[in-house]
Amino acid sequence: IFSTTGTSGSTIPTTIGFLSSLTRIAIEIPLPINSVPSLSGTLPTQIGRLTLVTYLSFSNLQLSGSIPSQIGHLTLINYLSIYILFQLSGTIPTEIGCLTQLTVLNLGFSLLSGIIPSQ
């Protein structure tokens, strides 16, 4: 599945999109105070293929770029947390407004801008 050993240069693989039968995904790296996350790169657009996901959490990662618009394909999702990603930037994608099952949205501690879209 997915593993990182804490070495720098680890990324979320684009092959994550092949895990289409998963319903819960959490990539959360616990960090001691004053440490730097080892997982870097961007959120792959292939997360849009995970159409059965109801829970998706990314936290304490060194990800950059923006949230891909393909996030709108996760129509069953009810929990989405993209938290403590200090280098994540851009606008909040309007496709988040299409996630009608969404009850929890956490976008804290990032450089994202804009409003949270409604349906």
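Residues: numbered from 1 along the sequence shown.
In this structure, CG on Leu88 lies 6.5 Å from CD1 on Ile82, to the nearest 0.5 angstrom. Separation of atoms OG1 (Thr54) and CZ (Arg24) is listed at 6.5 Å; rounding is to 0.5 Å. Rounding to the nearest 0.5 Å places CD1 of Ile27 at 7.0 Å from CG of Leu61. With rounding to the nearest 0.5 Å, the separation of OG1 in Thr51 from CG in Leu22 is 11.0 Å. With rounding to the nearest 0.5 Å, the separation of CG in Leu63 from OG in Ser89 is 11.0 Å.
Ser113 places none of its side-chain heavy atoms less than 4.5 Å from the side chain of Ile92. Residues Phe18 and Gln46 have side chains not in contact (no heavy-atom distance under 4.5 Å, counting atoms from C-beta outward). No side-chain heavy atom of Thr100 sits less than 4.5 Å from a side-chain heavy atom of Thr75. Side-chain contact check for Leu56 versus Ile71: some heavy-atom pair is nearer than 4.5 Å. Side-chain contact between Ile16 and Pro44: present, with at least one pair of heavy atoms (C-beta onward) separated by less than 4.5 Å. Looking at heavy atoms from C-beta onward, His73 lies out of side-chain contact with Arg49 at the 4.5 angstrom threshold.
Of the candidates Ile47, Leu19, Leu76, Ile25, Ile25 is the only one forming a side chain to side chain contact (heavy atoms under 4.5 Å, CB included) with Val53.
Taking the six-membered ring for Trp and thresholds of 30 and 60 degrees, Tyr79 and Tyr55 have nearly parallel ring planes, at less than 30 degrees apart.
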Check your understanding: side-chain contact (heavy atoms from CB on, under 4.5 Å) between Leu80 and Leu74: does it pass, once the steps are laid out?
Key -> CA-CA 10 Å; Leu80 176 60; Leu74 308 181; 5.8 Å; no

Exercise for review: With side-chain contact (heavy atoms from CB on, under 4.5 Å) as the test, would you mind laying out the steps for Leu105 and Leu99 before giving the verdict?
Suggested key: CA-CA 10 Å; Leu105 176 62; Leu99 304 177; over 6 Å; no

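Following chains of ILVMFWY side-chain contacts shorter than 4.5 Å, one can reach Ile77 starting from Ile116, so the two form part of one hydrophobic cluster. Criterion: ILVMFWY side-chain heavy atoms under 4.5 Å apart, direct or through other members. Under it, Leu112 and Leu102 are part of a common hydrophobic cluster.
Closest heavy-atom contact between Leu107 and Ser110: O-OG, 3.4 Å. Nearest heavy-atom pair across Pro68 and Pro93 is O-CG, 4.4 Å.
Looking only at atom types and distance, the side chain of Thr45 has no donor-acceptor partner in the side chain of Gln70 under 3.5 Å away.
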